[in-house]
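Following: one structure in structure tokens, then a few remarks.
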Protein chains: 2
Amino acid sequence: MPRWEPDARARFVVAALQLFTDQGYDDTTVAEIAERAGLTKSTFFRHFSDKREVLAAGQETLSRLLADGITAAPASATPLEAVGAGLAHAAATMTQFNRELAPRLAAVIASSSELQQRDALKRVGMAAAMTDALRARGVPDPVASAAAELGLLAFKEAFAAWVADESPTESPTELADLMHGSLDRLRAAVSQLG
Amino acid sequence: MPRWEPDARARFVVAALQLFTDQGYDDTTVAEIAERAGLTKSTFFRHFSDKREVLAAGQETLSRLLADGITAAPASATPLEAVGAGLAHAAATMTQFNRELAPRLAAVIASSSELQQRDALKRVGMAAAMTDALRARGVPDPVASAAAELGLLAFKEAFAAWVADESPTESPTELADLMHGSLDRLRAAVSQLG
């Protein structure tokens, strides 16, 4: 029986990010990632199909959180209000761990076209999850897809601002507040589309 | 001196698509693609960096056309009108060749996670090109990014409808008309975002 490793995923992500940063994505093997994490290759492959997937870790969770938040929004919520509920639900799970890893993660992704492609697909998945959750609320197309794309723009902008924020870590600006602000700006922006 | 092959790119795309369909993306080599196209491997590598890039062929051209159309729109055009001009400019270059290849291209992309990732990045590139062209017109953020994302939604919807259209090929529904209709529906949709 494999030993239960409650934080194995996080350890693989941290180890992979260190190695990708130090020696490059292409030159890093799964064996090296496992060794750095103090875990085995077989444990690695229980969590990820390959090294590319390490940096897309959390995609499914994030997509599910966005969708759950949309689903749980009051029936009276407008499409963008429901998206806002999805963003708030996802934001509530983001920790200082996510915030501190983000700049290095972004640098590694920028260094590899393979990782840029994986990251692009991650964003497509997030938009699709939001679109589906909105459709399930009875929001018609293309309102659902438009609301989901605006939600993704708000997520990206707010997350980047959160990561770049230099407030003391004891009292960082709340990610949920930033998402709320981004979505409000987008709501105002659509009235200027013409 | 290599012989000038005016249609080399198209021949590689057609050959690759046939092979990917017949024997799968993973099991197809560049040598096989070149042989099927009746061209050499070195000619292949003058056009594409690897086999994945064959199916992203046209991305740069498409992004440039979208941006050029936006840049050339009248100064009085609203952000969405400028996006519409970009879509129309790109649509004007699409031929029966693109239309006939599209269903097989979509099937091959759906069969490979690697190709799905490449395709996702292609769409990110198209949105980025439109966003940059809008910013250059003085459209502020996040209006520019919102307009670009709506433009991408309109492009996807209209292109899919064009490919699925079963009108006689002598008088197919014009892609530009479909793009115009999709963008109009999105313009109406944003008023329902709440």
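Chain naming here is simple, since letters A, B, ... match the order of the sequence lines and numbering starts at 1 in each.
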Chain A heavy atoms under 4.5 Å from [X]: which part of the residue, side chain, backbone, both or neither?
{"X": "L186(B)", "result": "both"}
{"X": "L193(B)", "result": "both"}
{"X": "R187(B)", "result": "side chain"}
{"X": "R123(B)", "result": "neither"}

Will you find, in the side chains of [X] and [Y], an N or O donor that is under 3.5 Å from an N or O acceptor?
{"X": "R118(A)", "Y": "Q116(B)", "result": "no"}
{"X": "R52(A)", "Y": "Q117(B)", "result": "yes"}
{"X": "D68(A)", "Y": "T71(A)", "result": "no"}

Ring-plane angle category for F44(B) and F12(B), please: parallel below 30°, perpendicular beyond 60°, tilted otherwise.
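Ring orientation, 0 to 90° scale: perpendicular.
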
